[in-house]
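Presented below is the structure to which this report refers.
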Amino acid sequence: MSQVEKKAGLLRRTSSSKKPLKEKVVLMYDEIFAKEDPAKNNPRFWDELFLMKVNLEYLESKLESIDGEDVQCIQDNINSLFHHCVQALGEEHQIKVVNALQTLCALFRGVHQKNKSASGFDIINMLMGFDKAEQRMKDLMERLDSLLCGDSSESLKSLCLKLLLCLVTVTDNISQNTILEYVMINSIFEAILQILSDSSSRGQHGYDAVVLLALLVNYRKYESVNPYIVKLSIVDDEPTLDGMGMVVHQALTEYNRQYKDKEEEHQGGFFSALTSMVGSMFIADADEKLSVQTNEAILLALYEAVHLNRNFITVLAQSHPEIDIVPAPPTPTPTTPTTPLGTTPPSLDVINNPELPLDPNLQTSNLLITFLKYASIVMQDTKDEHRLNSARLCLIILTCIAEDQYADAFLHDDNMNFRVTLHRMPMRHRKKAVGKNIPSRPLVCAVLDLMVEFIVTHMMKDFPFDLYLRCVQIIHKLLCYQKKCRIRLHYTWRELWSALINLLKFLMSNETSLLSKHNIFHLALLIVNLFNMFITYGDTFLPTSNSYDELYYEIVRMHQVFDNLYCMVLRVSTNAGQWKEAASKVTHALVNIRAIINHFNPKIESYAAVNHISQLSEEQVLEVVRSNYDTLTLKLQDGLDQFERYSEQPKEAGFFKELVRSISLNVRKNVSLNTLSQDVLLKEFSTIS
């Protein structure tokens, strides 16, 4: 039996000699795939077809099984099927609308699956006829818009969004989907905004609407004017922006909650007892499994909103009570999860019920806090390309935030303090942090904590160089704002200085292996210039004069690292080679650090000798530092508080093309019209009709 026959909706065998019976809808599909016009002998053919329960599997398999020679013969019938599907969307009979939407999805998927190598124009011609395509797609988009914005049932609206997601993701590369040109011309942008601005529809359809918008924004975004980009960039309607933020917030909150639950599972029971007996050698492997799958689609939506629309920055900062989702009564779960963490949208209860039971002692939260917690999870493990890309996107979003003046003002507002519990990677040499001890501070402290945490935990053989560059650049941009506005942030700067010095040590220890892949001198220059920022401008933004003294103490205490760095860059810069110029820049950048070391070290040694002390305490060294500032001479370095602003094109274009491809494949895999059970739909609409 052929593959198509296997899927032919066989009903029963009456005897071994008789062929199995087929469903009526399958027989009608067979008529469409014959050469004759199916309505020729039955004028009511199309009316009857859309009253039949769709057999998606059979219809798609028939489309995929068409031989090249047969395409021309049945093209008129396929065009007619498409046309009558669109017409049926305007029917009052809701069952016809449901069946037409599902049939359209099967058409889009089946035709594209069969003609992967065909041009977009050929696919358009096969589906609807090229000469009629513009009108057909105009009618389709208008009817979908009408269904989404009208008084249709929630199930019907959900089905419309599933169809649109199916259409958008039907090709691996979204920009090669020529049909989307008609979606650009006949925009559904306003329909998406209407869904997001209304609390009821947002609860039902917000997730799909946000993912759809994120994908449409990325259609040929570097090749032509994309109207969805233009329109998203100028949205200033507060309820709409708040709605978009709420959908993203709830999706990230749900992921964070799932991760926390999994983490607690791993820490309990026999596993906990075992690891406590044999040490923590297995802990990293266990936690690594917790963050296997991230929600890149919702992260892309957040990026596009932050990057394109300055008004959205205010949404990041809007405070609301911090809620823990009240879990449903426990139900037995399979030992192997069927759905990877974070790939499904949050439950409707989460989005529909913002006012869940709250502990009066809980503080307020906002989208930015939720995002920082999410980032602290996905940035823990960057061992494969998928997770590396998720971490990269988080850092790109933080880069955009760090460059925005309004966001910086909110981040540094001393009157807006939050207690942010970031997830930390389990490491053998440090104790697990206790979240209850975290003080309430301006949000910029949590951003800096996240950067320091990443720097400390990813110095490994497979070095994520690009992520380190972004971390250091984010820190630099925040310091530039603090210097500009003279903000004295009460932060444990020594942790940052220590992390940066250890990073320099790592770069030098692995010079040979790293230089074969990366320009480590560029990263070293950025790190050295962070210290130069503190040295040159620290008196304008460090919280106290004692903090400035501690900076000098750390530089002098760790002078061997800077001495070794100078020797390395001097060696490379005095020899002809690929890295000569890059190393030379580091040599010049070290001038003030070396001046500090060369000035204070003899003074400290002299103080020790005069006082007959073999090893000075920190306070004694600080006393030497404070009493010898006057004779220290430093050079003024230009451009330390300047930075290159983020630009997606051209540097990030390749990354986003591959990211959107990955998201599109994942959405296509997960968007199945079977998520809305046909039986449930038909039962709902048969009672209405």
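Throughout, numbering of the chain's residues begins at 1 and tracks the sequence.
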query: Under the side chain to side chain contact (heavy atoms under 4.5 Å, CB included) test, which residues partner Asn311, sequence neighbours left out?
result: Asp236, Leu241, Asn309
task: Taking atom types as modelled, find out whether Tyr207 and Asn295 have a side-chain donor-acceptor pair closer than 3.5 angstrom.
output: yes
message: According to side chain to side chain contact (heavy atoms under 4.5 Å, CB included), who are the partners of Glu658, at least two apart in sequence or on a separate chain?
response: Arg661
- line: Residue pairs meeting salt bridge (Lys or Arg N to Asp or Glu O under 4.0 Å), one or both in residues 240-251, sequence neighbours left out, come to none
message: Run the ring-ring contact (aromatic ring centres under 6.0 Å, His included) test against Tyr228 and tell me which residues pass, sequence neighbours left out.
response: none
query: salt bridge (Lys or Arg N to Asp or Glu O under 4.0 Å): which pairs involve residues 454-480, sequence neighbours left out?
result: Arg392-Asp466, Glu403-Lys477, Asp466-Arg470, Arg470-Glu652
query: For Gln649, what residues pass the side chain to side chain contact (heavy atoms under 4.5 Å, CB included) criterion, not counting sequence neighbours?
result: Tyr222, Ala653
- prompt: Excluding sequence neighbours, so at least two apart, what forms ring-ring contact (aromatic ring centres under 6.0 Å, His included) with Tyr537?
  reply: none
message: Can a side-chain donor-acceptor contact be found between Thr544 and Ser547 if the only test is distance below 3.5 angstrom?
response: yes
message: Going by the rule salt bridge (charged side-chain N to carboxylate O under 4.0 Å, His left out), which residues pair with Asp449 if we only count those two or more places apart in sequence or in a different chain?
response: Arg441
field: Contacts of type ring-ring contact (aromatic ring centres under 6.0 Å, His included), residue His307, not counting sequence neighbours
entry: Tyr303, Tyr646
Non-neighbouring partners of Met460 that pass side chain to side chain contact (heavy atoms under 4.5 Å, CB included), sequence neighbours left out: Thr382, His458, Pro464
field: Partners passing ring-ring contact (aromatic ring centres under 6.0 Å, His included) against His518 (at least two apart in sequence or in another chain)
entry: Phe465
Glu644: salt bridge (charged side-chain N to carboxylate O under 4.0 Å, His left out) partners, not counting sequence neighbours: Lys651
